[in-house]
Amino acid sequence: MSTIDEKLQEAVKKLAKDFERDGFAYMEDFLTDAEVDAMRNECLRLIDDEWSKERDRHIFGNKLMSKSQYFMDSGDSVHFFFEEKAFDPETNELLVPKEQSLAKIAHALHYPNDVFRQATTSDKVKAVYKELGYKDPTVVQSMVIFKNPKVGHEYQPHQDASYLCTEPVHVVGIWFALDDSTVENGCLEFIPGSHKYPLARRFVRAGKDSEDPTMEWTAPPAEYDESKFVPAPVKRGGLVIIDGLVVHRSAPNTSDKSRWIYTFHAYDKSRCEYLKDNWLQPVKNPKSFMPVNAY
Ligand code: FE2
């Protein structure tokens with residue numbers, strides 16, 4: 001039973017309307033300061049813990065990554081991916097403070113981590129899914145994207161359903177700003193209305209079995225009209241919802257301010273089937289496919 005107040009309920013109604021029209025929508029002040037602080041502090045604890053371990057540092061987005069077992073196994077676990085620019089290419093020496101070295105913690109914080117599980121299953125989040133018509137929202141992926149000062153890389157135009165496809169195609173991302181997200185530090189940019197576009201391509205498992213980490217794209221990247229992208233800056237504590245088909249991107253962070261965010265994706269298990277060849281599968285931890293309403 002949702003316990004959110006009337007004012008928030010009204011705001012959620014408007015959110016759903018904007019979402020229907022544009023394929024994305026945002027709301028300021030969705031989270032309290034305390035909720036943002038809890039997630040930020042948990043990130044700092046996780047980063048500290050990761051750096052205390054002697055092990056390989058996996059760089060996000062390099063060519064080897066999508067062929068690595070560490071990447072494939074991150075689908076239902078909590079794995080750490082670092083920014084290429086955070087390290088000296090010759091000596092591998094860290095060039096930035098440790099808390100600014102990460103690109104992502106991914107792809108299943110929502111299940112094993114108490115702080116992120118609570119953030120993912122709050123009454124406020126349930127109210128959003130309900131307003132969108134989701135009967136059994138099931139979270140399949142979550143991540144913190146850091147986009148740290150000077151080292152945070154860009155994200156090319158894409159549709160999230162390329163990674164997390166369902167039949168019928170229907171997946172939604174919820175995105176929390178843990179910093180002010182601005183044009184300067186690489187906020188989201190959308191093509192409004194592009195959720196009506198078809199899915200351009202998929203990122204799928206192409207290995208011989210579930211242990212084979214071969215992934216492939218089903219088509220080359222689609223071309224989009226540059227002039228159609230509009231920036232969607234949102235303040236710390238704000239919420240953005242993202243249709244799985246809406247085309248979006250974000251620029252590198254060339255500023256001296258971080259742009260930390262927490263995001264998670266769900267499909268409605270009551271009316272969609274999650275495809276077996278999506279790259280992300282809950283192989284080792286089936287419970288990482290988490291029904292929000294069970295919490
Ligand atoms: Fe995305």
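Residue indices begin at 1 and follow the sequence shown. Side chains are part of it too, since the values below use all heavy atoms of this structure and drop only hydrogens, waters and symmetry mates. As the structure lists them, so they are numbered: ligands from 1, and atoms in each ligand from 1.
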Ring geometry between Tyr224 and Phe229 (parallel below 30°, tilted from 30 to 60°, perpendicular above 60°): perpendicular
N-O pairing of Glu42 and Arg45 below 4.0 Å: yes
Under 3.5 Å: donor-acceptor pair, side chain of Asp76, backbone of Asn285: yes
Leu132 side chain near Val172 side chain, heavy-atom distance below 4.5 Å: yes
NZ or CZ of Arg236 within 45° of Trp260 ring axis and under 6.0 Å: no
SB check Asp256 Lys150 (cutoff 4.0 Å): no
Sphere of radius 2.8 Å around the Fe ion (ligand 1) - protein N, O or S atoms inside: His158 NE2, Asp160 OD1, His248 NE2
